[in-house]
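Just so you know, these numbers come straight off a predicted model, no measurement behind them. Heavy atoms only: backbone and side chains are in, while hydrogens, waters and symmetry mates are out.
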Amino acid sequence: MNDIIKSKPQLCKENQQLRVDMTNANQLSEKRYVELLKNEERFSLAMRGANDGIWDWNLETDETYYSPRWKSMLGYEVSELDNIFNTWESLVNIDDKEMVIEKVHEYLAGRADSFEVEMRMQHKDGHDIFVLSRGFLVNRESDGKPIRLVGTHVDITQRKKAESFNEKNAKILEMIALGESASDIYDAIALMYETRHPGMRCSMLELHGNKLMHGGAPSLPKEYCDAVNGLENGPCVGSCGTSTYTGKRVLVENIETDIKWAKIKQVALPHGMRCCWSEPIKNSSGKVLGAFGMYYNHTALPNEEESNDLKSAAWLAGIIMEREQDQKRIRQLAYTDELTGLASRAFFYLSLEKLIKISERHHRQFSLLYIDLDNFKDINDSLGHDVGDLLLKEIAKRLLSASREVDFVSRLSGDEFSIIVEDVVDDYTAANVAQRCLDAVSQPFELLNRKLTPACSIGIAHYPDDGDNLSTLLKVADTSLYAAKEGGRNCYTFYKPELSQKAEYRFQVEHSLREAIEKQQLSLVYQPQVNIDSGEIIGVEALSRWKHPQLGNVSPVDFITTAERIGMIKPLTEWVLKTACSQAVAWKKAGFQPLQVAVNISPSHFLDKDLISLIKSVIDETGMISSELELEVTENVVQTDPKNLSVFQDLKDLKIILAIDDFGTGYSSFASLKHLKVDYLKIDKHFIDDMVNDKKTQLLVSSMIEMGHNLGYEIVAEGVETSEQLNLLKKLDCETAQGYLFSKPVSANEISKMLNTDVLSVI
């Protein structure tokens, strides 16, 4: 190639005449034309020997010549590409085209001494290759005007890949030297090898004891990473689990058939993974620290380059893992409080600063709990510092037991402690940890034949709402702690009083609800369901209410959600069922016409295996007719899952009436509705509110009613409040309605007064 470039002036001169004469071939003598063709052939042979592709662009006619080598470089046969300028335009990367054209113009205009440019062009297989393009002008002898641009293409893809790989490798070494986070370096390593081998996905797992913990896998699905995180390694635990267990390389050509993946292949195959090669990651002394895995979406064993890269990737990751373990040991020695074994003040500051940076980068939230023992000075003064130290050790243990595994507990100084609460999604998370700490600390403690009942106060600050830097967060937390002390001690306080009040209310609801359910301190009210044509009350919906002596009327939204969270939804539902069914039987004994009594069932309870037996028990105990009991469930349980279908079928076998509540607000699969044996669709109040004044909503309601009728369901409209809504529903052939137009939820006695009356006549 260098010889060709060195002879370019001479070659240019010959080609200038050659190309000019070729464009005017019709005017040349046959002898001269043959001579030119021979010169062209010699030029092509020279370029072919240099492994270059030739191109020749006629600037006057836009005709373009591409040599066979030029075309084969892009994966094409000679006949597959036309010799026109548009061929190049269609193959050059769109992001490079403008740059290349600009360099051509600069060269043609004389602003550049030469034309040489690197660009990406699309191979026939779909991937890009890097091309080095060089060219020179052919001028017309008569007036010196440029008439052709002639040049070569060289495939420099491998060189560019090597350059890119080396740059990334150098960047990773720089990240290691600068002490950047292991997770960021892990991701960089994975992406470097994935770029080198298109289609590959990489993973790094750290070995903690005998468990595999997620280190980095930027291209693997989160579901898969979560599934393998925490797996115990062993001789048949995938490729990485086996590799860390044996300390040897494990190559699995086919995940679906290899015995080492038999137990966990179901977590890999749905994500397309078909092969996995794993190399154990070891420290400088040969101890296994983890494993580096390479995945493809096809069955394969590594070629020589991939095999070498697997080894080098594991070596590179080993540098990070060994550094992390060394630093961990150093931190344990330098940043541990000697008395309690908790993290020291210095380690607390470092960890908080690091967490702030990570949280800012990933838009995460966390909470800071500042804890101070109440009246600790009195214990030191009366019993001595030795007893005080023993108490501090016990408090440290209690704080650890009250915290979650992900929380960071430290001793700041004296009787001051701190807990960093990560993975915060709302204020309740921090409040929950704080309340557990208050409860744990306040347990009686016997020390030197003395019974002590310690207590503490806690201030809570949130990142980033209350502060986005270390000093501000510490100040805010300290202010909150002071407010807790001022508020009577042995409590926690948020920086914002309204948040503290909200969290306190939730805790009071939670702590009081269990007793209220167990002692049946709740009550039921009933809202009538009215036949739109006759005005007759044909059923009622039973709704629970709770009036607390101190909290007042607690919203059902609050206490039902709380009941689900603390595991009290089952006894609550049982009480509602028994009370509502007993009332229905009482109405019948009083001479009223039989009523359908509707009870809402929580989605979590609906799929519980004990629900059917509970329904049977209530029916037997109360004497309720099963065909007069209606159970309402929300749309999120309307699925074609066999478990869901079996529950519906079991209830229908008991002749229970089933209704889909709040229809239209959730997600209903029409395929599910086709299979489920339900009786009613209850159209949500949201649609009823808007249907009179909004034509689209009216159309939706009309469609839901028509669809329900076509599927064999009856329709109940919820939240009917005006005569206009009622008249429109009647026009749309809706059978039943309930809402404030007829009655608010009222006591059983009020319902008794309304029965056997035409409700429509008194509207």
Side-chain angles (χ1 to χ4, degrees), residues 524-544 573-602 605-634 637-638 644-663 672-683 708-718 734-738 742 745 748 751-752 754-756 759:
L524 283 187
V525 291
Y526 303 87
Q527 187 170 37
Q529 297 176 337
V530 179
N531 182 289
I532 292 179
D533 289 328
S534 67
E536 178 186 3
I537 297 176
I538 60 173
V540 292
E541 180 178 359
L543 301 165
S544 53
T573 303
E574 182 177 359
W575 172 80
V576 173
L577 281 169
K578 287 182 178 179
T579 305
C581 289
S582 296
Q583 183 59 59
V585 172
W587 277 322
K588 188 184 294 187
K589 288 181 179 180
F592 296 111
Q593 291 295 322
L595 293 176
Q596 287 182 191
V597 176
V599 175
N600 290 280
I601 303 295
S602 165
H605 193 195
F606 184 79
L607 299 179
D608 187 88
K609 57 184 175 60
D610 296 327
L611 177 65
I612 304 301
S613 59
L614 172 62
I615 300 296
K616 291 179 180 178
S617 174
V618 169
I619 290 174
D620 292 341
E621 182 179 335
T622 62
M624 180 71 172
I625 302 300
S626 60
S627 60
E628 295 173 2
L629 174 60
E630 176 185 322
L631 300 183
E632 297 185 0
V633 293
T634 51
V637 299
V638 182
N644 299 45
L645 294 174
S646 66
V647 174
F648 277 90
Q649 184 60 56
D650 290 343
L651 290 171
K652 290 309 298 177
D653 290 342
L654 293 175
K655 296 183 171 47
I656 302 295
I657 300 171
L658 296 174
I660 304 301
D661 196 16
D662 300 332
F663 185 74
S672 299
L673 289 176
K674 180 182 70 173
H675 291 290
L676 293 175
K677 296 182 179 180
V678 297
D679 303 283
Y680 289 92
L681 296 183
K682 299 190 70 175
I683 299 177
H709 286 161
N710 290 336
L711 290 173
Y713 308 141
E714 293 189 37
I715 307 298
V716 179
E718 296 183 289
C734 178
E735 297 95 335
T736 309
Q738 70 180 84
F742 313 110
I751 292 292
S752 299
M754 298 172 61
L755 294 175
N756 294 337
V759 179

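Minimum heavy-atom separation, Gly539 to Leu595: N-CD2, 4.0 Å. Taking every heavy atom of both residues into account, Glu735 and Tyr713 meet most closely at OE2-O, 4.5 Å. Scanning all heavy atoms of the two residues, the minimum distance from Ile715 to Gly708 falls at CD1-CA, 4.1 Å. Between Leu629 and Cys581, the shortest heavy-atom distance links the atoms CD1-SG, 4.0 Å. When all heavy atoms of Ala580 and Leu524 are compared, the pair lying nearest together is N-CD1, 3.7 Å. The shortest heavy-atom contact between Val576 and Ser544 is CG2-CB, 4.3 Å.
In this structure a side-chain-to-backbone donor-acceptor pair under 3.5 Å is present from Asp679 to Leu658. With hydrogens and angles ignored, the 3.5 Å screen pairs no side-chain donor or acceptor of Ser582 with any backbone N or O of Thr579. Checking side-chain atoms of Ser626 against main-chain N and O of Leu654 turns up a donor-acceptor pair under 3.5 Å.
From Ile656, atom CD1 reaches atom NZ of Lys616 across 10.5 Å, with rounding to the nearest 0.5 Å. Separating the CG atom in Leu631 from the CZ atom in Phe648 is a distance of 9.5 Å, to the nearest 0.5 Å. In this structure, the separation between OG1 on Thr622 and CG on Leu577 is 9.0 Å, given to the nearest 0.5 Å.
Counting heavy atoms from C-beta outward, Asp662 and Glu632 have side chains that stay 4.5 Å or more apart. Under the 4.5 Å side-chain criterion, counting only non-hydrogen atoms from C-beta, Lys682 is in contact with Gln529. Leu543 places none of its side-chain heavy atoms less than 4.5 Å from the side chain of Tyr526.
Shown here are the salt bridge (Lys or Arg N to Asp or Glu O under 4.0 Å) partners of Glu628, two or more places apart in sequence or in another chain: Lys588. Take Glu630 and apply the salt bridge (Lys or Arg N to Asp or Glu O under 4.0 Å) test, not counting sequence neighbours, and it matches no residue. Looking at residues two or more places apart in sequence or on another chain, you find no salt bridge (Lys or Arg N to Asp or Glu O under 4.0 Å) involving Glu714.
Between the side chains of Gln527 and Glu541, no donor-acceptor pair is found at a separation under 3.5 Å.
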